[in-house]
> 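Sharing a structure here in structure tokens format.
Not measured: the values here are computed from a predicted model.
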Amino acid sequence: MIELTNISKTFKTAEGELTALNDVTVHIRPKEIFGFIGFSGAGKSTLLRCINLLERPESGKVLIEGHDLLALSKKQLRISRQHIGMIFQQYNLLNNATVFENVCFTLEIMGVPKAKRRDIVMKSLEIVDLVNKADDYPAKLSGGQKQRVAISRAIASQPKILLCDEPTSALDPQTTKNILDYLKKVNDELGITIVFVTHEMEAARKLCDRVAVMENGRVLEVVDMAEEKHHASTSLGEFLFTDGGGI
């Protein structure tokens, strides 16, 4: 589904060149929930953004269903990105637009006929149990509700992939649990492949099928979470499941 092969990325800083990603290779299966975890600065968000080329790697390949995004024209890339939804830590909602209008915004950009938009928006809101908030403005919503609007907006375009960049970091534990449940629902009911970036070990344990543990721009290990919970047998077992569950 997603093949990131030999991905390298550097940034120029006042102190010189910073290597954010160093020859990273990760393959993500169709319809799975795959996590990137690690300390701040490990490169996980940069790697996530390489999937839709919000960050362009200096070397390597980014293949989505066998198509190399780095080889696409600007027009082809815009079309390809329509199949990749994204949600962020800070929601990125339009404050002067209702919940309905926020979700509908992506469909307008995509040129979906007006007659079809309402049904799509309401079905997307139904997935996250926010139909009754369609006419409300973001200022009236809690943080968890705002993130549910962001999920609804991301899935309204019917993407094949949903990228999640620290979507629970600003939320309390109970709200985090709710958001993870909705993401699992999106995966189960819509079959969307989810790529989830987090530094919260408990979130990765609850949601992900497999996890890539990152440090200093490299993938140290890819862990099958079901096996790890039963055996904790890999070299990272103690690291992943220490008391407190956070990194």
Side-chain angles (χ1 to χ4, degrees), residues 31 33 45 48-49 51-55 64 69 72 74-198 203 207:
K31 300 183 180 180
I33 303 177
S45 288
L48 182 85
R49 289 165 177 261
I51 294 175
N52 60 359
L53 297 193
L54 288 182
E55 297 287 355
I64 307 293
L69 266 58
L72 300 181
K74 289 183 178 180
K75 181 179 180 180
Q76 290 171 326
L77 181 57
R78 283 197 300 271
I79 295 170
S80 181
R81 281 175 172 161
Q82 292 179 2
H83 301 292
I84 306 174
M86 193 165 187
I87 60 174
F88 306 87
Q89 179 180 341
Q90 295 301 331
Y91 324 127
N92 292 350
L93 302 181
L94 301 171
N95 290 325
N96 60 346
T98 65
V99 166
F100 181 95
E101 290 166 343
N102 266 281
V103 177
C104 194
F105 182 67
T106 301
L107 302 178
E108 293 177 21
I109 292 175
M110 292 174 60
V112 175
K114 189 174 182 178
K116 294 183 179 181
R117 292 177 201 163
R118 181 171 181 81
D119 283 346
I120 295 173
V121 171
M122 297 311 286
K123 286 177 182 177
S124 298
L125 289 174
E126 186 177 350
I127 290 285
V128 296
D129 296 325
L130 281 181
V131 170
N132 64 332
K133 299 291 184 180
D135 295 326
D136 287 357
Y137 287 85
K140 293 182 64 176
L141 305 178
S142 67
Q145 288 171 334
K146 290 176 182 178
Q147 195 59 284
R148 284 153 63 188
V149 175
I151 294 171
S152 179
R153 180 182 57 190
I155 65 175
S157 62
Q158 301 177 331
K160 296 179 180 179
I161 298 166
L162 179 60
L163 307 180
C164 305
D165 193 2
E166 302 264 16
T168 61
S169 294
L171 304 175
D172 63 76
Q174 182 57 49
T175 306
T176 291
K177 178 183 180 301
N178 293 340
I179 293 299
L180 297 179
D181 288 341
Y182 282 115
L183 289 174
K184 187 69 169 65
K185 183 179 180 182
V186 166
N187 176 257
D188 288 341
E189 294 189 9
L190 303 181
I192 295 174
T193 302
I194 294 177
V195 187
F196 183 79
V197 163
T198 186
L207 182 66

> Among all residues two or more places apart in sequence or in another chain, which pass the side chain to side chain donor-acceptor pair (under 3.5 Å) test with E126?
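E126 satisfies side chain to side chain donor-acceptor pair (under 3.5 Å) with no residue once adjacent residues are dropped.
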> Output yes when a side-chain donor or acceptor of R49 lies under 3.5 Å from a complementary backbone atom of D165, and no otherwise.
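No.
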> Does D135 CG have over 12 foreign heavy atoms under 6.0 Å away?
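At most 12 heavy atoms, drawn from other residues, nucleotides or ligands, come within 6.0 Å of this atom.
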> Determine the sole option in L183, V195, V197 for which the side-chain contact (heavy atoms from CB on, under 4.5 Å) test with C164 is passed.
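Among L183, V195, V197, the one meeting side-chain contact (heavy atoms from CB on, under 4.5 Å) with C164 is L183.
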> Rounded to the nearest 0.5 Å, what separates atom NZ in K185 from atom CG in L180?
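That separation rounds to 14.5 Å.
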> How far apart are the closest heavy atoms of A150 and Y91, and which atoms are they?
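Minimum heavy-atom contact is CB-O, 4.0 Å.
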> Please report the shortest heavy-atom distance between I179 and G144, naming the atom on each side.
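For I179 versus G144, the nearest heavy atoms are CD1-O, 3.6 Å.
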> My understanding is that only residues two or more places apart in sequence, or in another chain, count here; which of them pass side chain to side chain donor-acceptor pair (under 3.5 Å) with E166?
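Partners of E166 under the side chain to side chain donor-acceptor pair (under 3.5 Å) test: S169, H199.
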> Quick one: closest heavy-atom pair of I155 and V186, and the distance?
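In this case the closest contact between I155 and V186 is CG2-CG1, 4.0 Å.
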> If you look at every heavy atom in M110 and S157, which pair is closest and at what distance?
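Heavy atoms only, the tightest pair is SD-CB, 3.3 Å.
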> For K31, does its backbone N or O pair with a side-chain atom of N187 as donor and acceptor, under 3.5 Å?
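Present.
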> If you look only at pairs with a residue in residues 113-123, which of them pass as a salt bridge (charged side-chain N to carboxylate O under 4.0 Å, His left out), with sequence neighbours excluded?
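Sorted pair list comes back empty.
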> Mind checking what makes side chain to side chain contact (heavy atoms under 4.5 Å, CB included) contact with Q158, not counting sequence neighbours?
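So Q158 forms no side chain to side chain contact (heavy atoms under 4.5 Å, CB included) with any residue.
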> Using atom types as modelled and distance alone, determine if a side-chain donor or acceptor of N102 lies under 3.5 Å from a backbone N or O of A97.
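Indeed, once roles are kept as given, a pair shorter than 3.5 Å links the two residues.
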> Measuring from atom CD of Q145 to atom CG of D136, what distance do you get when rounded to the nearest 0.5 angstrom?
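Spacing of CD (Q145) from CG (D136) equals 8.0 Å.
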> Where is the tightest heavy-atom contact between P159 and I192, given as atom of each residue plus distance?
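Looks like O-CG1, 3.4 Å.
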> Can you see which heavy atom on A154 is nearest to which on L162, and at what distance?
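Minimum heavy-atom contact is CB-CD1, 3.5 Å.
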> Quick one: CE on M86 to CG on L54, what's the gap to the nearest 0.5 Å?
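Here the rounded value is 5.5 Å.
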> Could I get the full list of side chain to side chain donor-acceptor pair (under 3.5 Å) partners for T168, not counting sequence neighbours?
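E200.
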> Is there a donor-acceptor contact under 3.5 Å from the side chain of S152 to the main chain of R148?
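Judged by distance alone, no pair lies under 3.5 Å.
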> Restricting to pairs with a member in residues 170-184, which pass salt bridge (charged side-chain N to carboxylate O under 4.0 Å, His left out), not counting sequence neighbours?
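Sorted result for residues 170-184: K177-D181, D181-K206, K184-D188.
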> Should the heavy atoms of other residues, nucleotides or ligands under 6.0 Å from NZ of K140 be counted, would the total exceed 12?
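Not more than 12 within 6.0 Å, no.
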> Tell me, yes or no, whether the heavy-atom count around F88 atom CZ, taken from other residues, nucleotides or ligands under 6.0 Å, exceeds 12.
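Yes.
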